[in-house]
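This is a predicted model, so every value here is computed, not measured.
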Amino acid sequence: MEIILKNGDKLSVDGGATCAQAAAKISDGLARNAVAAKVNGALCDLAHVLKEGDELEIVTLKDKEGLDVYRHTCAHVLAQALKNIYPTCSLAIGPVIENGFYYDIDFNTPITMDDLAKIETEMQKIIKAKTPIERFELPRAEALKLMQKYGEKYKVELINDLPEDSVISFYKQGSFTDLCRGPHLPNTGKIKAFKLVSIAGAYWRGNEKNKMLTRIYGVAFPKKEELEAHFTMLEEAKKRDHIKLGKELKLFALLNEGKGFPFFLPNGMTLKNTLVDFWRELHRKEGYVEIQTPIILTRTLWENSGHWDHYKDNMYTTVIDEEDCAVKPMNCPGGMLVYKLSPHSYKDLPLRMAEMGMVHRHEKSGQLHGLFRVRCFTQDDAHIFMLPEQIKDEIKGVIHLTDKIYSQFGFKYKIELSTRPENSMGSEEDWNIATDALKAALDELGRAYEINEGDGAFYGPKIDFHLEDSIGRTWQCGTIQLDFQMPQRFDLEYVGEDGQKHRPIMIHRAIFGSIERFIGILIEHFAGKFPLWLAPTQVKILPITDRTLGYANEVCKQLADAGIRCEVDKRNEKIGYKIREAKMEKVPYVLVVGDKEAEDGTVNVNKRGVEEKDTVKLDKFIKKVVKESAEKVIF
C-alpha cells in the first residue's frame with residue numbers, strides 16, 4: 001500500500017505496516033531518532049498501524065511534539081517508580097509542562113524532598129530495563145473495572161466523566177498500567193536525562209474544596225548536556241531575579257497592603273517614564289494619536305463588547321449610582337467609544353489610536369509573581385481602524401514597529417500565529433479572512449512563524465511575539481489581533497468612496513504588552529545593568545573629600561543641564577566604599593573627583609564593566625555621555 005509523506009512524496013509499505021516500520025524504510029537514522037508520528041495530522045505512537053493513503057510525518061526530539069511525548073513518558077516512569085516504592089499511593093494526573101512534567105499523587109504518608117533521591121534511583125532502574133510501552137483500549141465499563149481493581153480512585157473519577165460509549169486508552173510498561181491518551185515513547189530506555197526538582201501541594205482538579213495532593217515536579221531533556229545547561233541557566237536566573245534586584249535597586253516594592261498591585265519607587269518611575277517617552281516618540285513618528293479612556297465603565301458596555309460573558313471572572317465589578325460597572329480589564333471598548341464620537345470617511349483611515357491604559361484583572365493570589373503576574377498593569381495598547389484593503393499593510397507596519405522597539409533592547413524573538421478558539425465570536429468566513437490576512441503579511445515580510453491552533457482571542461486571530469532574553473529564556477510580550485467582531489458589536493462606521501456607510505476592520509495591538517512585566521523582563525535581561533539611556537541614575541559623582549564637594553556639585557549641574565540623570569554622593573565615607581556602593585547600584589558611569597580634577601577641570605571616569613580608569617576633560621565626557629544616551633547604545 002502507499003502512504004503520503006510530509007513533503008508530498010509517496011512511500012510504498014507492506015499492508016499493516018506501523019509508523020516505526022515506515023520510518024525505517026525512509027532511513028535508518030530517522031528510525032533511530034523517531035519518538036512518535038503524526039498520521040493525518042493526529043499525534044500517535046510509532047506502533048500505530050497505517051492504512052492506505054494515510055499522510056505520515058515522523059516526529060523526533062527536534063520537534064516540540066516529540067519533546068512533549070518524551071517528557072510525558074518521564075511522568076509515567078515517575079508514576080511507576082512511585083507505585084513500586086509506595087504501593088498504597090493513588091495516582092491522579094501527570095501532564096507535560098515547560099521543560100518537564102509533574103505528577104499529582106495521594107500519599108498515605110507524606111513524602112519530603114529527601115525522598116526524591118530514592119524515587120530517582122527507582123526511575124533509573126525502570127529506564128535501564130528498556131521496558132516496552134504498549135497501548136491498549138477498553139470500553140468504558142471495562143476501563144472502570146480495571147482502575148477499580150488497581151484502587152485508582154482518581155482515575156475512576158476521570159473515566160466516570162467520559163461518555164458511556166467512550167473507548168478508553170491505557171499504557172502498559174511492565175507490571176505498571178496507567179490511564180492515558182498518549183502517545184508515548186516506544187520504550188523506557190529512550191529517556192536519557194531527567195531530574196526531580198521539587199514538591200508542592202495541589203488541589204485535585206484545582207478546586208480548593210477537593211483534597212490536597214502532592215505534586216512532584218521534574219525536568220527532562222534529550223541529552224545530559226542540555227539538562228546541565230538548564231540548571232546553569234536557572235542559577236543565572238536566580239542572580240537576575242527581578243524581585244530581588246527590584247528591591248536592591250529601589251525600583252519597586254511589593255507590599256501586603258496591595259497584593260498584586262506594585263508600588264513604583266522614584267528609580268522605577270524614572271525607568272518606566274523613559275520607556276514611555278521612547279514609546280511615544282516612535283508612535284508619533286508612525287502617525288499614531290494618543291488617547292486616554294476611563295478606568296471604570298458600565299456593565300452595558302462590557303456586555304456589548306462580549307467581555308461580560310467571556311471574561312467576567314477576571315473583572316472587578318462595582319455599583320455606581322445603582323448601575324453595575326466594571327473596572328476595565330482591557331482598553332479596547334473605550335477605544336470603540338472614542339471612534340464613535342466623530343463621523344469618519346474612508347479618507348480618515350487608517351486611524352491609529354494609541355493608549356497607555358491602566359487595566360485591572362483579578363488574578364488568584366497563588367499566581368501573583370513580582371511584576372510578571374500582577375492585578376493592575378499598564379498596557380501600551382493601540383487600535384487601528386482601517387479599510388479592508390489596508391489590512392495587510394497595517395499589519396506589516398505594526399510588525400516593523402515591533403521589530404524597531406525590540407531590537408532597541410537587543411531582543412531576538414519568535415512569532416506565533418494563533419487561530420480560532422472554541423468560544424469564539426463571529427462567522428467562519430470572517431475568521432478565515434482575518435487569519436489569511438495575518439499569514440499573508442508575515443509571508444510577504446519573509447518572517448518565520450509557528451501556528452498555535454485554537455489559541456486566538458475570542459474575537460479574532462492573533463500574532464504573538466515571544467522574546468528571547470540574554471540567558472535564553474522566552475517571554476510572550478507583543479501581540480497583534482485582527483478583529484472583525486468588535487466593530488460590528490459597536491456599530492462602527494465610515495463613509496466609503498461610494499458615499500455609503502461601511503464597517504471598518506480593526507487591529508488590537510500591544511508591543512511591550514504590559515509595561516510592568518516588560519520592566520521585569522528588562523531587569524532580568526540586563527541583570528539590573530541597564531544601558532545608559534535606561535538607567536535611573538546614569539552618572540554618579542564621588543568627591544574624595546569635602547573640599548571637592550563644590551566641584552562635584554558643579555559637575556552634576558553641567559551634566560544635568562545637558563539632560564543627563566546624575567547625583568552626587570555627599571556622604572562622609574571613604575572613596576573606596578563609595579565606589580563599591582556605586583558598583584552595587586550598577587550605575588553606568590562613576591566619576592571620582594579630587595583636588596587635581598577640580599584644578600584641571602577633569603573627571604576620573606569609572607565605566608561599569610571596564611577595569612581601566614580614564615581621566616578626561618569634563619566637557620569631553622559630557623559630549624560622550626550625551627551622544628551615547630541619545631543613540632540608545634545597548635551595551
task: Might you confirm whether atom CZ of Arg181 has over 12 heavy atoms from other residues, nucleotides or ligands at distances under 6.0 Å?
output: no

Sequence neighbours left out, cut at 3.5 Å: what donor-acceptor pairs do the side chains of residues 27-34 make with other protein atoms?
{"from": "Ser27", "atom 1": "OG", "to": "Leu30", "atom 2": "N", "distance (Å)": "3.0"}
{"from": "Asn33", "atom 1": "ND2", "to": "Gly29", "atom 2": "O", "distance (Å)": "3.1"}

- line: From the list Thr402, Asp381, Ile405, Ile521, side-chain contact (heavy atoms from CB on, under 4.5 Å) partner of Phe512 resolves to Ile405

- request: For Asp106 and Lys153, run salt bridge (charged side-chain N to carboxylate O under 4.0 Å, His left out): C-alpha distance rounded to whole Å, both residues' side-chain angles, the deciding distance at 0.1 Å, then the answer.
  value: CA-CA 10 Å; Asp106 188 355; Lys153 58 186 177 182; 3.5 Å; yes

Residue list, side-chain contact (heavy atoms from CB on, under 4.5 Å) with Lys128, at least two apart or on another chain: none

- prompt: More than 12 heavy atoms of other residues, nucleotides or ligands under 6.0 Å from CD of Glu428: is that the case?
  reply: no

query: Is it true that Arg473 and Glu468 make a salt bridge, defined as a side-chain N closer than 4.0 Å to a carboxylate O?
result: no

task: Can you see which heavy atom on Ala22 is nearest to which on Ile3, and at what distance?
output: CB-CD1, 4.0 Å

task: Assess whether atom NZ of Lys392 is packed by more than 12 heavy atoms of other residues, nucleotides or ligands within 6.0 Å.
output: no

query: Taking the six-membered ring of Tyr203 as reference, does the NZ or CZ atom of Arg215 fall below 6.0 Å from its centre and within a 45° cone about the axis?
result: no

message: Please enumerate all residues that pass ring-ring contact (aromatic ring centres under 6.0 Å, His included) together with Phe231, with sequence neighbours excluded.
response: none

- request: For residues His242 and His525, establish whether the separation of their ring centroids is below 6.0 Å.
  value: no

query: For His48, which residues count as a ring-ring contact (aromatic ring centres under 6.0 Å, His included) partner, sequence neighbours excluded?
result: none

task: For Tyr150, check ring-ring contact (aromatic ring centres under 6.0 Å, His included) against everything at least two apart and list the hits.
output: none

message: Does Glu164, at its CD atom, have more than 12 non-hydrogen atoms belonging to other residues, nucleotides or ligands within less than 6.0 Å?
response: no

task: Step by step, work out the side chain to side chain contact (heavy atoms under 4.5 Å, CB included) result for Arg517 and Phe377.
output: CA-CA 8 Å; Arg517 186 167 182 267; Phe377 55 93; over 6 Å; no

message: With a 4.5 Å cut-off on side-chain heavy atoms, are Ser305 and Cys332 touching?
response: no

task: Write down the atom of Leu158, the atom of Ala92, and the distance for their closest heavy-atom approach.
output: CD1-O, 4.4 Å

- prompt: Around Gln367, counting heavy atoms of other residues, nucleotides and ligands shown, do more than 12 lie under 6.0 Å from its CD?
  reply: yes

Asp313 vs Lys364, salt bridge (charged side-chain N to carboxylate O under 4.0 Å, His left out): CA-CA, chis, key distance, verdict: CA-CA 11 Å; Asp313 290 345; Lys364 292 181 179 179; over 6 Å; no

message: Is the ring pair Trp475/Phe372 parallel, tilted or perpendicular, if the boundaries are 30 and 60 degrees?
response: tilted

field: Set of ring-ring contact (aromatic ring centres under 6.0 Å, His included) partners for Tyr449, sequence neighbours left out
entry: none

